[in-house]
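To keep things clear, I will list the structure first and then write my remarks on it.
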Amino acid sequence: MKKMVAIIMVVSMVTLLLSGCTNGDNGTEGKDGIANETTIANSGNDTEKDITTDEMPNIVFGYSWLEVPQDLEKVEAAINEITMEKIGATVNINAYTYGTVTQQTQMTLATPSEQLDVLLTLFYGVGINSFISKGQLTPLDELINNYGQGIISAVGEDVLDANRVDGTLYSITPTGEQAKQYGLLVRKDILEAVGYGDLEQVDGYADLTPVFEAIMANYPDLYTVGGGAAQSPYSFNLPYNIDILNDKFGVLENLDDPTVSNYFESDGYREICILGKKWNDAGYIYPDILTDTSNSGDALMSQDLLASYFGVYKPGAESEALTKTGYEVSVIKIGEPIATAGISWQYTIPTNAVYPEKAMEFINLLYSDEELINLLAFGVEGEHYELDANGQVVEGPNFAAYNDPKQWSVGNYYLTKTFSSQPVDLQEQMKVWNASANSSVARGFIFDSTEVSSEYTALQSVLSEYNAALQWGFVSDVQSKLDEFNEALDKAGLDKYMTAKQDALNAWLSSK
């Protein structure tokens, strides 16, 4: 309600100010004798745009931060100055956090009466197909063709096509990293102090055991590695050399071989669960990782509780972690970058949308309007951030009030400014890193699970019960729990689900 009041006040102030700059003949009077229309000059040209302020659509935008920024309403008001002029709409931000966005997304989309016009959400581990099968996401093809040319130019038809489900576009990926590589993010001072400061890459998770041993021996008052419950299935035991085909229920264990198999009965999964048990028994793992819903790894590090956490590496990951944690970090990369099937953070227009056309116009700005992009990324220039002599971002006098600045989630990464802690050519590095990734034979494939949606729901339930506990070693006997896990997957319909996925993959490959 406070946000809505703030938006109404902004609109009213703009109306009053600008109506004082025009004569009474430019608008028509409403029943209260007040002009309904206001002429707003477009910046950078001599044309004028008539906006009917009392009928201006208000877009509800779901977006996430590490913590909800204190100055969100101030940034929101600045966003509205842009959107009122450029698309004739106001924007109300529904602020989520990384730890709660998945749950809140599910709750909101299950409530059709709750307005949500634009949503950036995390589909990893949940799967976009479950939302599509429930009719909760709007098909975007017609909307993007009519209102999203800036998106098409920024993202490219090939990347958009990679997001299609059964030929239909439901989501739009941010333009930054188009590959993934896993890594352990460690406080740099700790890593150097324990003698591993020059360790930049390992072949697998097991190579990290001596690092954890050294950290625990020298920093017994810190948790060695961890995260929170919401991230626990995501931040450790990610299969770094396979394609999970969107949801792990049937994977490609060889990026060049399109044979779908059960990862959870593979030797690789068993080995990593044994490793998790070994780490847990040694005391390396944050003990509340399965139950702590309020903390992520970076949040725990920022609270001086944690030495390291698993995450996804990309160029610039170190500076992003510094911003989130307050510590310089080193990243020990695991394996090589890969480009696979699957969707993580994506922009969508839910069927909850009241204004789908304006929603697409707003998303288009997030991919084409440099001013709006950097405002959402960093806050208000001069307050939350400033620019140094190189034109790079440094902290402003009120940085703490918008304290989760980030480039990856704003739409068009390549129109964001860089942090002063980042290389000036970071965006070029990103392009090179993307191009270096090993591509899966299924890159671009998205499985439409509509016909096996009941199996998918049952499998997700089983996964939630067993996977994280096995990964992090919270079981008494790994092999017996693995057997129990796979038996439960069988009963939930994994074979039927994998057969449907294999058939869909074969058809997709044939169509190519």
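Predicted model only: the values in this text are computed from it and were never measured.
Remark: Asp247 engages Lys501 in a salt bridge, criterion side-chain N to carboxylate O under 4.0 Å. A salt bridge links Asp281 with Lys277: the closest approach of a Lys/Arg side-chain nitrogen to an acidic carboxylate oxygen falls below 4.0 angstrom. Using a 4.0 Å cut-off between charged side-chain N and carboxylate O, Lys406 and Asp404 make a salt bridge.
Counting only N and O atoms by type, the side chains of Asn467 and Tyr269 include a donor and acceptor under 3.5 Å apart. With 3.5 Å as the limit, one finds a donor-acceptor pair spanning the side chains of Asn295 and Gln303. A donor-acceptor pair shorter than 3.5 Å can be found between the side chains of Gln422 and Ser319. At a cut-off of 3.5 Å, with distance as the only test, no side-chain donor of Thr105 or Thr108 sits close to an acceptor on the other residue.
If you look at Trp472 and Trp279, their ring centroids are not closer than 6.0 Å. Aromatic pair Tyr263/Phe249: centroids not less than 6.0 angstrom apart.
Both the sub-6.0 Å distance and the 45° axial angle are satisfied by Lys333 relative to the ring of Tyr313.
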Open item on the list: Before you tell me yes or no, could you show the steps for Lys188 and Glu318 under salt bridge (Lys or Arg N to Asp or Glu O under 4.0 Å), namely the whole-Å CA-CA distance, both residues' side-chain angles and the distance that decides it to 0.1 Å?
Closed with: CA-CA 10 Å; Lys188 186 176 182 180; Glu318 297 88 348; over 6 Å; no
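Taking the six-membered ring where tryptophan is involved, the planes of Phe419 and Phe378 are perpendicular, since the angle between them exceeds 60° and thus also 30°.
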